Amino acid sequence: MDYQVKEADQSATIYLTGELDMSVGEQIGSLIRTVGERNQNISLDFRDVTFVDSAGIGSLFFTTKDLLALGKHVEIVNILEEILDILRVLGFTEALGVEIKALDR
């Protein structure tokens, strides 16, 4: 998985590309945590995320939960409908109350 981070005025966007799976889940979780701790608003752009597995979602879940507990605003944007469906089935959206926006095609 590749990523790019843009930060300005206490806001950060993390652009993710590839597969969020067991092999990168911990690394991406650490990245999101580090960026999130120094910014108030964190946007995770999933436009180019093609696959997620339970380990990747677990890492994302716990990192997001920790940032929300610190009073940060977290959103996931441009997510493919198939991946959004997985997050919904697993209860991710309801458990965290994170704003999630599907990719407009």
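What you see is a predicted model; the values in this text were computed from it and never measured.
With respect to Met1, the side chain to side chain contact (heavy atoms under 4.5 Å, CB included) criterion is satisfied by exactly one of Asp21, Thr17, Leu31, Val24: Val24. Looking at Asp85, Leu84, Leu80 one by one, the single match for side chain to side chain contact (heavy atoms under 4.5 Å, CB included) with Glu82 turns out to be Leu80.
The 12-atom threshold is exceeded at CD of Gln40, counting heavy atoms of other residues, nucleotides or ligands nearer than 6.0 Å.
The CG atom of Asp2 sits 11.5 Å away from the CD atom of Glu19 when rounded to the nearest 0.5 Å. In this structure, the separation between CG on Asp53 and OG on Ser23 is 8.0 Å, given to the nearest 0.5 Å. Distance CG/Asp66 to NZ/Lys72: 12.0 Å, rounded to 0.5 Å. Expressed to the nearest 0.5 Å, how far CD1 of Ile42 lies from CD1 of Ile76 amounts to 11.5 Å. In this structure, CZ in Phe61 is found 11.0 Å from CG in Leu87, a value given to the nearest 0.5 Å. Going from atom CD1 of Ile32 over to atom CG of Leu67 covers 8.0 Å, rounded to the nearest 0.5 Å.
Using modelled atom types, one finds a donor on one side chain and an acceptor on the other under 3.5 Å when comparing Asn39 with Glu7.
A donor-acceptor pair is defined here as one N or O able to donate and one able to accept, closer than 3.5 Å; no such pair exists between the side chain of Ser43 and the backbone of Thr13.
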Ser11 and Asp9: side-chain hydrogen bond (donor to acceptor under 3.5 Å, both in side chains), yes or no, with the steps?
-> CA-CA 5 Å; Ser11 294; Asp9 302 323; over 6 Å; no

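Hydrophobic clustering (ILVMFWY, side-chain heavy atoms < 4.5 Å, transitive): Tyr15 and Val49 are in distinct clusters. Val77 and Val5 sit in two unconnected hydrophobic clusters of ILVMFWY residues. Membership requires side-chain heavy atoms under 4.5 Å apart, directly or through other members. In terms of hydrophobic clustering, with Ile, Leu, Val, Met, Phe, Trp and Tyr side chains grouped at heavy-atom distances under 4.5 Å, Phe62 and Val74 are assigned to a common cluster.
Residues Ile57 and Ile86 meet the side-chain proximity criterion, which asks for heavy atoms closer than 4.5 Å. Taking 4.5 Å as the limit, some side-chain heavy atom of Val35 sits within range of a side-chain heavy atom of Ile14. By the 4.5 Å heavy-atom criterion applied to side chains, Leu16 and Ile28 are counted as neighbours. Using a 4.5 Å cut-off on side-chain heavy atoms (C-beta onward), Leu44 and Ile79 make no contact.
Using a cut-off of 4.0 Å between Lys/Arg side-chain N and Asp/Glu carboxylate O, Arg33 and Glu26 are scored as not salt-bridged.
Annotation for Ser59 and Gly25: closest pair OG-O, 2.6 Å, computed over non-hydrogen atoms.
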